[in-house]
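First up is the structure itself, then whatever we jot down about it.
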Amino acid sequence: MDLFDNAALTTHGTPEDVHAPLAVRLRPRTLEEVVGQDHLLGEGQPLRRLIEPDGQGGPSSVFLWGPPGIGKTTLAYLVARSGGRRFVELSAVSAGVKDVRAVIDQARDLLVTAGEQTVLFIDEVHRFSKTQQDALLPAVENRWIILIAATTENPSFSVISPLLSRSLLLTLRPLSAEDIGVLIDRALSDERGFGGKVQLDDDARAAIVRLAGNDGRRSLTILEAAAGGNKPVITLADVEEAVDTYAVRYDRDGDQHYDVISAFIKSIRGSDVDAAMHYLARMLEAGEDPRFVARRLMISAAEDIGMADPSALQTATAAAQSVALVGMPEARIILAEAVVHLATAPKSNRAYLAINKAIADVRAGKIGPVPVHLRHQSVKASKVAAEQSGAEQTVYQYAHDAPHAIVSQQYLPDELVGTTYYEPSDRGYEGQITSRLARIRALLRGN
């Protein structure tokens with residue numbers, strides 16, 4: 001039985017085809033060969049139950065949501081193989097409604113006449129129109145097909161609700177650097193790959209892992225290209241030549257990681273937007289997690305820009321949220337915009353210095369009791385305190401009842417009265433705070 005039925009308008013090599021790309025030849029044949037996705041393939045998990053049917057009801061259709069190169073097609077293939085099912089693949093880029101209906105009609109006929117199930121794998125399903133998705137509904141609802149639809153976009157926004165409600169939605173995670181390493185080592189040793197005839201030096205291996213990002217297919221594509229001409233040993237130079245790019249020396253856990261991120265932040269602090277952009281590019285090309293970069297931008301916005309441009313933190317926070325939703329490679333554009341804003345913004349670290357100074361006082365024991373009139377249930381507390389000390393009762397005064405909403409009353413504990421923590425600069429928006437804060441402090445102190 002041909003599990004790869006190419007009447008479905010696309011042609012792919014089977015894992016046994018020696019002329020197929022390395023990534024296809026090494027496609028896992030069993031569940032044990034799958035790398036990553038442990039959260040979906042553990043005992044009792046939905047994907048394992050689909051691949052290893054337990055006989056309790058028919059298999060469900062599934063939407064696999066995740067980034068490219070993490071095994072969505074492989075998982076569909078394993079579902080097909082597990083029950084001797086017929087495998088049909090459609091590409092949402094090129095298939096039309098007529099193609100969808102043709103596959104469904106054939107699948108229904110085979111199910112009725114021969115009891116043979118069909119797994120229909122649709123890649124990039126978010127590209128299907130509403131009409132194309134509607135055409136799948138009867139087949140999914142009646143289980144004429146087992147639909148496995150892969151998408152890199154959130155199905156909640158790109159797939160019609162009736163189709164999504166009749167299927168399982170499973171979120172696949174990006175492959176880790178360790179997962180990519182496993183794939184590379186398998187390609188070198190497995191007979192379907194290089195069968196131990198090719199070696200990979202350490203620098204070349206590290207470069208492939210970095211350049212691949214979280215994409216397993218890309219890692220094998222780079223490896224295959226670098227091994228062109230049956231080289232006995234693949235070097236870093238071979239990898240650089242294969243991908244036509246410089247393999248940035250960068251160790252996420254070593255000195256380069258800390259040196260580059262340090263230079264990046266210091267360039268932003270120093271308002272050198274070009275240097276900051278260079279280090280951003282260097283990190284991204286080396287495979288640094290863009291979410292890490294985004295988190296450091298938020299810190300920089302608060303520490304180095306502060307109240308000189310309060311909108312910088314809004315930009316950095318929005319960038320971090322956007323990067324988490326979008327991912328690479330588009331995340332580079334979002335990070336670049338945030339870097340330009342932060343590097344060109346006026347700078348002030350006065351809020352940063354203020355909290356550090358206040359914390360230093362607290363750690364030194366300069367705390368003191370909260371003034372009675374500021375305590376919870378302050379009227380009652382003030383009366384009790386006044387009776388105990390024989391002093392005049394101090395009552396909390398509501399700021400909004402006073403002119404300018406500022407009341408001359410004590411807020412700091414006794415031993416800290418008159419202490420100044422925040423001293424604004426004259427840069428950017430903070431320059432406007434300077435004169436206003438001077439008037440506020442004068443009113444607070446009764447001047």
Side-chain angles (χ1 to χ4, degrees), residues 257-286 288-362 399-400 404-406 411-412 416 419-445:
H257 166 83
Y258 296 105
D259 288 347
V260 175
I261 192 65
S262 175
F264 176 62
I265 294 302
K266 287 171 181 172
S267 297
I268 291 175
R269 182 181 297 143
S271 299
D272 191 330
V273 65
D274 302 303
M277 201 64 69
H278 164 78
Y279 291 117
L280 173 63
R282 196 158 154 179
M283 288 187 288
L284 295 180
E285 281 299 293
E288 183 60 83
D289 186 346
R291 295 171 298 179
F292 165 75
V293 179
R295 289 193 295 269
R296 293 307 301 261
L297 287 175
M298 288 193 289
I299 296 169
S300 175
E303 178 180 345
D304 294 318
I305 299 168
M307 291 303 295
D309 182 0
S311 69
L313 182 55
Q314 297 172 12
T315 294
T317 302
Q321 294 170 338
S322 300
V323 164
L325 289 171
V326 173
M328 289 293 287
E330 289 81 1
R332 76 191 190 285
I333 309 167
I334 299 165
L335 290 172
E337 181 179 334
V339 166
V340 169
H341 185 160
L342 270 60
T344 58
K347 306 297 190 294
S348 171
N349 67 345
R350 300 302 175 88
Y352 167 75
L353 295 177
I355 186 59
N356 286 350
K357 187 176 178 182
I359 287 174
D361 277 353
V362 169
H400 290 289
H404 311 295
I406 299 171
Y411 290 95
L412 278 167
L416 290 171
T419 300
T420 297
Y421 290 118
Y422 176 56
E423 298 177 355
S425 72
D426 59 357
R427 296 186 287 275
Y429 173 78
E430 200 167 37
Q432 302 176 37
I433 296 176
T434 304
S435 57
R436 173 173 168 76
L437 183 57
R439 293 195 299 272
I440 291 172
R441 282 175 172 160
L443 291 171
L444 288 174
R445 294 165 184 171

Lys357 NZ: over 12 foreign heavy atoms closer than 6.0 Å:
yes
For Tyr421, does the OH atom sit with more than 12 other heavy atoms under 6.0 Å from it, leaving out its own atoms?
yes
Can you name the nearest heavy-atom pair linking Pro346 to Gly428, along with the distance?
CG-CA, 3.7 Å
Any residue meeting side chain to side chain contact (heavy atoms under 4.5 Å, CB included) with Arg441, in chain and number order, not counting sequence neighbours:
Thr420, Tyr422, Leu437, Arg445
Using the test side chain to side chain contact (heavy atoms under 4.5 Å, CB included), find all partners of Ala275 that sit at least two apart in sequence or belong to another chain.
Ser267, Asp272, Tyr279
Interatomic spacing from CZ in Arg282 to CG in Leu284 - rounded to 0.5 Å
12.5 Å
Of the non-hydrogen atoms in Glu303 and Arg269, which two are nearest, and what is the gap between them?
OE2-NH2, 3.7 Å
Work out which heavy atom in Val273 is nearest to a heavy atom in Thr344; give both atom names and the distance.
CB-CG2, 4.3 Å
For residues 320-337, which side-chain donor-acceptor pairs fall under 3.5 Å, sequence neighbours excluded?
| from | atom 1 | to | atom 2 | distance (Å) |
| --- | --- | --- | --- | --- |
| Ser322 | OG | Ala318 | O | 2.8 |
| Arg332 | NH1 | Pro329 | O | 2.9 |

Value for OG1 (Thr317) from CG (Leu297), rounded to nearest 0.5 Å, stands at 10.0 Å
For residues 290-299, pull every pair meeting side chain to side chain donor-acceptor pair (under 3.5 Å), keeping only residues two or more places apart or in separate chains.
Asp289-Arg291
Pairwise distance CG(Asp304) to CG(Leu342) - rounded to 0.5 angstrom
8.5 Å
Looking only at heavy atoms, what is the nearest atom pair of Thr434 and Ser425, with distance?
OG1-O, 3.0 Å
Please report the interatomic distance CD1(Ile305) to CG(Leu313), rounded to the nearest 0.5 Å.
9.0 Å
Across all chains, not counting sequence neighbours, the salt bridge (charged side-chain N to carboxylate O under 4.0 Å, His left out) partners of Asp361 are Lys366
So, using side chain to side chain donor-acceptor pair (under 3.5 Å) as the criterion, who are the partners of Ser300 when residues are at least two apart?
none
Ignoring hydrogens, what is the shortest heavy-atom contact between Ala345 and Lys347? Give both atom names and the distance.
O-NZ, 2.6 Å
